[in-house]
Amino acid sequence: MLPYVTQPSFAIGPITIYAFGMLVACGLLAGYAVTVQRAVRRGVDRFHARLIALLVAVTAVAGSALLSVLLLRAPGIYSFGGIYIGLATAYALSHFLLPAGQALIMVDAFSFAFPVGWIFGRFGCTLAHDHPGIPSRQWFAVQYPEGSRLDLGLIEFVFTCLLVAFLLWLDRRPHNPGFYLGVFMLVYGPFRLALEQFRPLDAGGFSVHIAFAAASFLLGAFIFAGQCFIRPECGGA
């Protein structure tokens, strides 16, 4: 089994800086940079791409914290809150600030960038061990102080790394705007549905997680059913 590694930290005067906070900040910067780079590459002007990406990052963080309190009754960061509020912000701002037809380009850029930034965030969760799963004797279980159990943050960190590698492989092919939103939702939804089976029953929020995961899968399926994405004759670029 895997050892329990205490989260690194260092003090600056009376303030203690933890690895989790630093990694979340790195994730936000990485997501911002990737969003802007991909949007500009697809024709969005740099000023608006930067403005929208910045506002998406701010509202995604604020939204994830708000939904964590409202739905889970606990302070923290709720991933589905960040995803859905970030997507809604990206589409709404793009609809009002960009020429017609570019809203999906920004949403697609955000959908591609989110897993890149999420790698840093879930690595922070892995170090903080803040998503303990059910007790387990599997080789990838972690030796928590109270006994070995699955670390759901670690499992999602590994999954997100594989997802980003998959997206990079897909990026070598032509696609229409909306492709990466469909891919992300279609893949992430079932993964979260499966992951919830390993969450302790007393962790809370089970029905909320299931509802968001199922909605994500259905949204991804709807997008793929409504468009043809990777065939050049369908307008892929």
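These numbers come from the heavy atoms of this one structure, side chains and all, not from hydrogens, waters or symmetry mates.
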Are the side chain of [X] and the backbone N or O of [Y] linked by a donor-acceptor pair below 3.5 Å?
| X | Y | value |
| --- | --- | --- |
| Gln143 | Met1 | no |
| Ser68 | Ala74 | yes |
| Gln7 | Tyr18 | no |
| Ser64 | Ser79 | no |
| Arg122 | Gly153 | no |

So do [Y] and [X] actually touch side chain to side chain, heavy atoms under 4.5 Å?
| X | Y | value |
| --- | --- | --- |
| Met185 | Phe222 | no |
| Leu150 | Val142 | no |
| Ile52 | Ser94 | yes |
| Glu156 | Thr126 | no |
| Phe157 | Ile119 | yes |

Kindly indicate, with the supporting measurements, whether the criterion side-chain contact (heavy atoms from CB on, under 4.5 Å) is fulfilled by Gln197 and Ile210. CA-CA 10 Å; Gln197 311 310 309; Ile210 292 295; 4.3 Å; yes
Under 30°, 30 to 60°, or over 60°: which ring-plane class applies to [X] and [Y], parallel, tilted or perpendicular?
| X | Y | result |
| --- | --- | --- |
| Phe114 | Phe110 | tilted |
| Phe191 | Tyr188 | tilted |
| His209 | Tyr78 | tilted |
| His129 | Tyr4 | parallel |

Do other residues, nucleotides or ligands put more than 12 heavy atoms under 6.0 Å from the [atom1] atom of [X]?
| X | atom1 | answer |
| --- | --- | --- |
| Arg46 | CZ | no |
| Tyr144 | OH | yes |
| Tyr84 | OH | yes |

Where Ile17 and Ile15 come nearest, the two heavy atoms and their spacing: CD1-CG2, 3.8 Å
Would Leu67 and Phe80 count as a side-chain contact (heavy atoms from CB on, under 4.5 Å) here? Give the steps. CA-CA 9 Å; Leu67 287 186; Phe80 278 120; over 6 Å; no
Hey, mind stepping through Phe20 and Leu127 against side-chain contact (heavy atoms from CB on, under 4.5 Å) and telling me if it holds? CA-CA 7 Å; Phe20 175 81; Leu127 295 177; over 6 Å; no
Between Val69 and Val61, is there a shared hydrophobic cluster once you connect ILVMFWY residues whose side-chain heavy atoms come closer than 4.5 Å? no
When hydrophobic residues are tied together by side-chain contacts of less than 4.5 Å, even through go-betweens, does Val40 share a cluster with Phe47? no
Geometric cation-pi criterion, Arg38 with Tyr180: 6.0 Å, 45°: yes
For the pair Asp45 and Leu98, evaluate side-chain contact (heavy atoms from CB on, under 4.5 Å) and give the outcome as yes or no after the intermediate values. CA-CA 9 Å; Asp45 73 272; Leu98 300 179; 4.3 Å; yes
